[in-house]
Amino acid sequence: MDRYRTIEDPLFYPGTQVLRNKANIRNQDDLDQFEQLMFNSRAEEDLPAGAFDFAHYRAIHRHFFQDVYDWAGEVRTIRTGKGSNWFCYPEHIEAQANRLFEQLAEKDHLRSCTDKSEFALEAAWFLSEINAIHPFREGNGRVQLVFLTMLARNAGFSVDDRKLQPEPFLAAMVRSFNGDLAPLADQIEVML
Ligand SMILES: Nc1ncnc2c1ncn2[C@@H]1O[C@H](COP(=O)(O)OP(=O)(O)OP(=O)(O)O)[C@@H](O)[C@H]1O
């Protein structure tokens, strides 16, 4: 099955579904490994500082994927989807993301949440919205989790990602795409 549903993607090596990359790796399994290795090594470094706005979000993606893709930190230019869900049209990403980050700022970046349940529900709202926008061609899920960790820390909570349960978390993300935030809030709360 395709990893991503896309229209013709100029970022692929011709005749493949492998994204062009800085190491010129043409095999998907090798590229997955290389991506994760680079991601883990960048995770050892300080995260980019910022104002918890969209520029900051893009800087985080750039930080983690700079070794792999020329377009790290840049908004995708092609329509993508997963399963039966299509993400935001590329031409609307910038405006939609800026609007979302403005809403996050209006919510004081979730710093006024008084307990874990409230934080988890608000964080589920944010994750579902940024996931529907899906700003990048690849790496959205990992940046979502990094940003969740940063938001939590900034709000006085901490995320233990060893408690993340991949399958129910993914199922909850898919449910959140259709507006049901409760399962995702539950998954987040387990990690707090
Ligand atoms: N059918 C779906 N509908 C909506 N969102 C989905 C669907 N399938 C996966 N997702 C979400 O898409 C994100 C993954 O996006 P992407 O593949 O760009 O990120 P990644 O970091 O490369 O991969 P992963 O998160 O799997 O490590 C995750 O948040 C996941 O929950």
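Note that the numbering runs from 1 along the sequence shown for the chain. As a basis for the values below, the full set of heavy atoms in this structure was taken, side chains included, without hydrogen atoms, waters or symmetry mates. Counting convention: from 1, in listed order, for ligands and their atoms alike.
- Selection from H61, R175, R142, Q36 by nearest heavy atom to atom 21 (O) of ligand 1 gives R142.
- The contact set between ligand 1 and M173, taken as ligand atoms under 4.0 Å from a residue heavy atom, comprises 29 (O), 31 (O).
- Taking the six-membered ring where the residue is Trp, F119 and F157 present tilted rings, their angle falling between 30° and 60°.
- Between D9 and the options R137, R76, R79, R20, a side-chain hydrogen bond (donor to acceptor under 3.5 Å, both in side chains) holds for only R137.
- Below 30°, between 30° and 60°, or above 60°: for Y69 and W71 the angle between ring planes is below 30°, a parallel geometry.
- Checked by distance only, ligand 1 and G139 come closer than 3.5 Å through their nitrogen or oxygen atoms.
- Considering I130, V174, L170, L184 only, the shortest heavy-atom separation from atom 30 (C) of ligand 1 involves L170.
- By the criterion of a heavy-atom distance under 4.0 Å, neither the backbone nor the side chain of L127 is placed next to ligand 1.
- Those atoms of ligand 1 that come under 4.0 Å of a heavy atom in N85, given as number and element, are 1 (N), 2 (C), 3 (N), 4 (C).
- The aromatic rings of F65 and F39 lie tilted to each other, with the angle between the two planes from 30° to 60°.
- Close approach of ligand 1 to N140 is summarised as follows: ligand atoms under 4.0 Å from at least one heavy atom of the residue are 15 (O), 16 (P), 18 (O), 19 (O), 20 (P), 21 (O).
- At least one N or O atom of G141 sits closer than 3.5 Å to an N or O atom of ligand 1.
- The heavy atom nearest to atom 7 (C) of ligand 1, out of those in K82, R137, H134, E138, is found in K82.
- Residue contacts with ligand 1: S84 is placed with no nitrogen or oxygen under 3.5 Å of a nitrogen or oxygen of the ligand (distance criterion only).
- Side-chain contact between H61 and R142: absent, with no pair of heavy atoms (C-beta onward) separated by less than 4.5 Å.
- A distance below 6.0 Å separates the ring centres of F147 and F101.
- Counting atoms of ligand 1 from 1 in the listed order, those under 4.0 Å from a heavy atom of Q144 are 28 (C), 29 (O).
- Residues S128 and L181 form a side-chain contact, since some pair of their non-hydrogen atoms from C-beta on lies under 4.5 Å apart.
- No more than 12 heavy atoms of other residues, nucleotides or ligands lie within 6.0 Å of CZ in R99, so this atom counts as exposed by the packing criterion.
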